[in-house]
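The chains referred to below are lettered A, B, ... by the order of the sequence lines, with proteins before strands, and numbering in each begins at 1.
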2 protein chains.
Amino acid sequence: MSARVTAAEVARAAGVSRSAVSRTFTPGSSVSTSTRNRIEAVAARLGYRPNALARTLITRRSRIIGVVMAAIDNPFHAQLLQCLDAALQARGLAMLLRGAARPEMTDELIHHLLSYQVDGVIVASGLFSSSAAKACVGVATPVVMLDRLMRAAGASAVGSDNRAGARMAAEHLVALGRRRIAFMSGTPGISTSSERAHGFLDGLAEAGLAPIAIASGRYEYAAGQGAAEALLAHAPDAIFCENDLMAMAVLDVARARGVRVPDDLAVIGFDDIPAAALPAYALTTVAQDARAMADAAAALLEERIEKPARRASRRLIACTLVRRRSA
Amino acid sequence: MSARVTAAEVARAAGVSRSAVSRTFTPGSSVSTSTRNRIEAVAARLGYRPNALARTLITRRSRIIGVVMAAIDNPFHAQLLQCLDAALQARGLAMLLRGAARPEMTDELIHHLLSYQVDGVIVASGLFSSSAAKACVGVATPVVMLDRLMRAAGASAVGSDNRAGARMAAEHLVALGRRRIAFMSGTPGISTSSERAHGFLDGLAEAGLAPIAIASGRYEYAAGQGAAEALLAHAPDAIFCENDLMAMAVLDVARARGVRVPDDLAVIGFDDIPAAALPAYALTTVAQDARAMADAAAALLEERIEKPARRASRRLIACTLVRRRSA
DNA sequence: CAAGCGGATGCACACGTGTGCAAGAAACGC
DNA sequence: GCGTTTCTTGCACACGTGTGCATCCGCTTG
């Protein structure tokens, strides 16, 4: 009663060979409908389900996808994770999740995932060592970098069009007539941060402008408060932040100082997390399409699993400017 | 180069038997230090790691924990998930995550997890069918209900002390001199909701009071707005909400109507999600200790995995009242 | 030096499954 | 009726690992 039931027991109970049971649960195999029905009935009665791990041993396909994600409590990441879950489930894939607290332990982390014979890896974490990428290539396991482009050896990548999105923010501020524009960047060394920076600076430069001040808020609310203080000291009439959490920090700090938004100060964020839509913030922001990103990541990975010969590819998801009251 | 290296290849390269390799990677096995060193060197050079799935087949321990969670984008759930990840990693356990969009598919969901031979299951989702619980008992797989108590067959449970927490909220409002108190409940049929309701009503009853109005906000911000409108129509001087998202909805609706908080209206939430601390809300709330809950869930599960004879147990985590400006 | 002993090592089996191959059965065309 | 094709079924091997058992080696002890 407390033992897991195996295919052999089903076979014995149904009076057939174990192969017949195996074929019943393997789509596309040759079994007569009469025996298949009998076997399925017996299997249901005994509560049999094939052991996915034993199956992996012989098929060399685990149907498990390793997912590495940092800062799950970041609202956008949580959203991304939920969409990822849906996209993988739709494809019948299981998700082995590992948070990445320390970036320096990605090596141990990726080897741990590989020991579970994952069919592919989706990395939505910050820093991903190139030795870890090499380890995946070594065992022919496709990798998709999600929201973190990286020109690493043979890894596919899915991300928002951060450059175009940030450029839209710059153009919007310029169109509003703002001239004393400040800029709050995210975590240095992360690709999204430098891409958004480039796009934003390009957008400003096109209007003959440059930021009057720059500070880093490390993509967090708390660090964003300090950076906001620093930027507001330069009396800007607009601030673009590389994510919404930092933009919310700017709004709160500005409010505390009596700076009126958007009259005295326009603020634009990035991500469009649920909190950005709250009436207390009504944040104008560059929206990322989490569902499209997750779907693309799953699709790219599945394709490379099916056809390992395929080269790694890159996929950009468009951003849209969501206008609310902060700009 | 693109093939996974096996213990047999390491053995051949090191000039030993495959058993020696296996023992090298099995703590507590008898191998001389000299051969262990040689094998470890060869293994490192070849990039060998034991196949965790093949190992599971013989040890009957996968070191995988199945986690079922609904509404990952709910900030408190995201926090819980992150703590859960840390707690499992600390114990060397892997996490197989499945979101539960529809409650009616928990059966298929749990069978899917079981087919991966998970050593245990943590359920942080809403409704968990008793037939699913029965399936776990059938294969001797321990289950821990997290944040969702359930008197199901042999499932352990970890949750906040919702009754005591909600009672504290009631007592606080009474101590503030509020008398026209309204109540916004969460999702009907979920244990946390009824527990908080009972604790809150008990706390009011002790002061000879009862809610002047009740509405359900289904634990969501959007539904909370509608419920807030309904409650405010009764002109209450305080509202207790069963989670923070709904309390934020109340604050926003009240603000839009010109109701002053906390002068005209005191608001208390539940969870203490990060957004509750934002200056725009400064929400007084009953804090749940996500880290303690996750640790307890992992500990309880690990204990039952080690000692299957142990009976299922229950564990309550204390809540604390966090006083901010909304009450 | 002989007997004894403990630790290291290899052999072989087991875990639960998918699948190629050959054999058998059934259906079909002439 | 017989040869031929198509479909079904069982046998046996393979996947990569842990571990009991027997063997062997080297060292200690009397």
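- Between the P atom of C:dG18 and the CZ atom of A:R61 lies a distance of 15 Å, rounded to the nearest Å.
- Comparing B:T59 and A:S30 by the nucleotide of DNA chain D whose heavy atom lies nearest to each, the residue mapping closer to the 5' end is A:S30.
- Remark: B:E302 does not engage B:R61 in a salt bridge, criterion side-chain N to carboxylate O under 4.0 Å.
- A straight line from CZ of B:R12 to P of C:dG10 spans 14 Å, rounded to a whole angstrom.
- Sequence order on DNA chain D of the closest nucleotides to B:R55 and A:R18 puts A:R18 first from the 5' end.
- The residue B:T35 sits close only to the backbone: its heavy atoms come under 4.0 Å of sugar-phosphate atoms, none of a base.
- Taking for each of B:S34 and A:V21 the nucleotide of DNA chain C with the nearest heavy atom, the 5'-most of the two is the partner of B:S34.
- Heavy-atom neighbours of B:R38 CZ from other residues, nucleotides or ligands within 6.0 Å: above the threshold of 12.
- Phosphate contact (OP1/OP2 of C:dG18, side-chain N/O of A:S19, threshold under 4.0 Å): absent.
- Comparing C:dG18, D:dT9, D:dT17 against the side chain of A:S32 picks out D:dT9 as the nearest.
- For residues 26-49 of chain A, the ring-ring contact (aromatic ring centres under 6.0 Å, His included) pairs, not counting sequence neighbours, are A:F25-A:Y48.
- Here C:dG16 presents its P atom at 9 Å from CD of B:Q117, a figure rounded to the nearest Å.
- To the nearest angstrom, P of C:dG16 lies 18 Å from OH of B:Y116.
- With distances taken from any side-chain atom of B:A54 to the nucleotides C:dT17, D:dG16, D:dG18, the minimum falls on D:dG16.
- Within a 6.0 Å sphere centred on CZ of A:R36, heavy atoms belonging to other residues, nucleotides or ligands number more than 12.
- Side-chain nitrogen and oxygen atoms of B:R60 include at least one within less than 4.0 Å of the OP1 or OP2 phosphate oxygen of C:dG16.
- Straight-line distance from the CD1 atom of B:I58 to the P atom of C:dT17: 14 Å, rounded to whole Å.
- Among the protein residues, B:V31 comes within range of the sugar-phosphate backbone only, with heavy atoms under 4.0 Å from sugar or phosphate atoms but none that close to a base.
- Within the nucleic acid shown, A:F25 has no heavy atom closer than 4.0 Å to any nucleic acid atom.
- Separating the CD atom of B:E9 from the P atom of D:dC15 is a distance of 11 Å, rounded to the nearest angstrom.
- Residue contacts for A:T56: at a heavy-atom cut-off of 4.0 Å it reaches no nucleic acid atom on any strand shown.
- Protein atom CZ of A:R23 is 11 Å distant from nucleotide atom P of C:dG18, rounded to whole Å.
- Residue A:T26 is in sugar-phosphate contact alone, with no base atom involved, counting any heavy-atom pair closer than 4.0 Å across all strands shown.
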Decide yes or no on salt bridge (Lys or Arg N to Asp or Glu O under 4.0 Å) for A:R91 and A:E303, but give the supporting numbers first. CA-CA 11 Å; A:R91 290 171 167 78; A:E303 183 183 318; over 6 Å; no
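- Between the CG atom of A:L57 and the P atom of C:dT17 there is a distance of 12 Å, given to the nearest Å.
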